[in-house]
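Each chain gets a letter, A, B and so on, in the order the sequences are listed, and its residues count up from 1.
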Protein chains: 2
Amino acid sequence: MAVRGRQCSIADALAVIGEKWSLLALREILLGERRFDQIARNTGASRDILAARLRTLVAAGVLTRRQYEAHPPRYEYVPTEAGRALQPILLNLMDWGDRYVTDGPPPTVWRHSCGADLHPETVCAHCGEPVTEEGLSAVRLGPVR
Amino acid sequence: MAVRGRQCSIADALAVIGEKWSLLALREILLGERRFDQIARNTGASRDILAARLRTLVAAGVLTRRQYEAHPPRYEYVPTEAGRALQPILLNLMDWGDRYVTDGPPPTVWRHSCGADLHPETVCAHCGEPVTEEGLSAVRLGPVR
DNA sequence: CGTGCAAAGTTGGATTTCACAACCCAGTGG
DNA sequence: CCACTGGGTTGTGAAATCCAACTTTGCACG
């Protein structure tokens with residue numbers, strides 16, 4: 001996407017998952033839907049665009065396309081490790097939408113194994129403290145191309 | 001964006017910040033850049049699209065547009081609470097890009113106040129345990145419209 | 001046999017969005 | 001007077017998206 005602009009992994013990540021429908025397709029796949037028709041129905045994406053996005057995600061290594069039936073040939077989409085690693089991003093995005101965009105109660109609720117309704121929080125993996133603006137400084141920034 | 005499809009705060013969130021360049025503009029603003037020209041240069045977005053995105057983000061309450069000079073009138077873009085709340089999402093996205101997309105070392109590195117280079121981790125706000133696929137179950141899902 | 005259905009797309013054409021360069025306006029500095 | 005800066009807007013053409021219809025392979029029903 002961004003040939004010019006700051007060299008940055010956010011831009012690189014968005015080149016893979018930043019297009020329209022990519023993240024919604026991944027949401028459905030991480031919810032357990034693996035079939036084209038079901039993903040199309042549950043996201044609302046048009047079938048041609050969805051096919052293109054799934055191809056991109058397979059090419060990027062986020063999904064694999066697995067044949068689950070030989071005659072007629074039928075395929076399903078399974079998340080790779082990279083795909084499963086997007087789950088926290090989707091949960092954070094959902095939580096942000098719940099708080100600042102969606103009117104009314106959250107449409108989707110997750111239960112954590114500890115028993116509580118899940119509210120994701122981002123912490124420093126090293127010390128476990130929540131990440132706040134004040135506790136953060138940029139050591140090195142990507143150059144602007 | 002998604003009139004049809006599952007009712008979901010991820011879709012709602014993407015309607016606000018899911019368009020091309022929105023998140024990259026927010027990245028620059030959260031890095032401290034507040035001026036149109038600087039944001040345009042550092043993201044690589046074309047000026048017309050950037051102006052449209054900033055208007056959308058102001059209308060959605062993610063940014064405010066503040067006049068910092070009267071003659072000639074000049075404006076800067078300041079994140080609101082909702083805007084600052086996107087920081088964890090951007091950090092997670094950056095970390096994902098570092099791991100699975102960007103070749104070579106991470107272009108941008110953040111230092112946490114604990115002294116370590118920041119690697120964000122998403123935990124359950126209630127119990128503090130990392131969020132994994134296994135520890136998670138959907139209690140309620142949004143209906144498909 | 002003929003009809004209907006399902007899954008996983010592909011195709012054609014209209015609409016919308018995006019990119020790029022050029023332009024505008026107000027003030028500032030030389 | 002001239003160039004330059006900041007914060008945009010305008011026009012044109014290219015690209016992406018939307019939507020409905022069609023295709024292919026096979027199964028099940030009557």
### Task
Following the transitive rule for hydrophobic clusters with a side-chain heavy-atom cut-off under 4.5 Å over Ile, Leu, Val, Met, Phe, Trp and Tyr, establish whether A/Leu50 and A/Val58 coincide in one cluster.
yes
## Note on the structure
Out of C/dA26, C/dA19, C/dT17, minimum distance to the side chain of B/Arg53 belongs to C/dT17
### Query
What is the distance from OH of B/Tyr75 to P of D/dT9, rounded to the nearest Å?
11 Å
### Query
Counting only non-hydrogen atoms, which of residues 54-70 of chain A are less than 4.0 Å from DNA chain C?
A/Arg55, A/Arg65, A/Tyr68
### Query
So which nucleotide from D/dC18, C/dA8, C/dA21 ends up closest to the side chain of A/Lys20?
D/dC18
### Donor-acceptor pair under 3.5 Å, B/Arg47 side chain vs D/dG8 base
yes
#### Entry: Those residues that, when tested against A/His126, pass side chain to side chain donor-acceptor pair (under 3.5 Å) (two or more places apart)
none
### B/Ala51 vs B/Arg41, nearer the 5' end of DNA chain D by closest nucleotide
B/Arg41
### Summary
Between CD1 of A/Ile39 and C1' of C/dG9 the distance, given in whole Å, is 13 Å
#### Entry: Inter- and intrachain pairs under side chain to side chain donor-acceptor pair (under 3.5 Å), touching residues 80-91 of chain B, at least two apart
A/Tyr100-B/Glu81
### Candidates A/Arg35, A/Arg34, A/Arg66 - the one meeting side-chain hydrogen bond (donor to acceptor under 3.5 Å, both in side chains) with A/Glu76
A/Arg66
### Message
Nearest to the side chain of A/Arg74, heavy atoms from C-beta on, is which of D/dG6, C/dA19, C/dA6?
### Response
C/dA6
### Message
Mind checking if A/Phe36 touches a base, just sugar-phosphate, or nothing, with heavy atoms under 4.0 Å?
### Response
base
### Summary
Residues at least two apart in sequence or cross-chain that pass ring-ring contact (aromatic ring centres under 6.0 Å, His included) with B/Phe36, listed by chain then number, are none
### Message
Does D/dG8 have OP1 or OP2 under 4.0 Å away from a side-chain N or O of B/Tyr77?
### Response
yes
### Pairs meeting criterion salt bridge (charged side-chain N to carboxylate O under 4.0 Å, His left out) with involvement of residues 9-19 of chain A, two or more places apart
A/Glu19-A/Arg53
### Summary
Base-paired stretches in DNA chain D with three or more consecutive Watson-Crick or G-U pairs, both distances under 3.5 Å, amount to C:1-30 with D:1-30
### Linked, directly or transitively: A/Val123 and A/Leu90 (ILVMFWY side chains, under 4.5 Å)
no
### Summary
Separation of D/dG8 atom C1' from B/Glu76 atom CD, nearest Å, is 16 Å
#### Entry: Phosphate contact (D/dC18 OP1 or OP2) by A/Trp21 side-chain N/O below 4.0 Å
yes
### Message
Distance check needed: C/dC18 C1' versus B/Leu24 CG, whole Å only.
### Response
15 Å
#### Entry: Distance-only donor-acceptor test, B/Asp48 side-chain atoms vs C/dC18 base atoms, 3.5 Å
no
### Query
Can you tell which of C/dG9, C/dG27, C/dA19 lies closest to the side chain of B/Ser46?
C/dA19
## Note on the structure
CD1 of A/Ile29 to CG of A/Leu63, rounded to nearest 0.5 Å, is 4.5 Å
### Query
Is there a side-chain contact between B/Thr108 and B/Met94 (heavy atoms, below 4.5 Å)?
yes
### Task
Specify the residue among A/His71 and A/Ile49 whose closest nucleotide of DNA chain D lies further upstream toward the 5′ end.
A/Ile49
### 4.5 Å side-chain heavy-atom contact, A/Pro79 and A/Leu30
yes
### Query
For the pair made of CG in A/Asp37 and P in D/dT25, what is the distance, rounded to whole Å?
18 Å
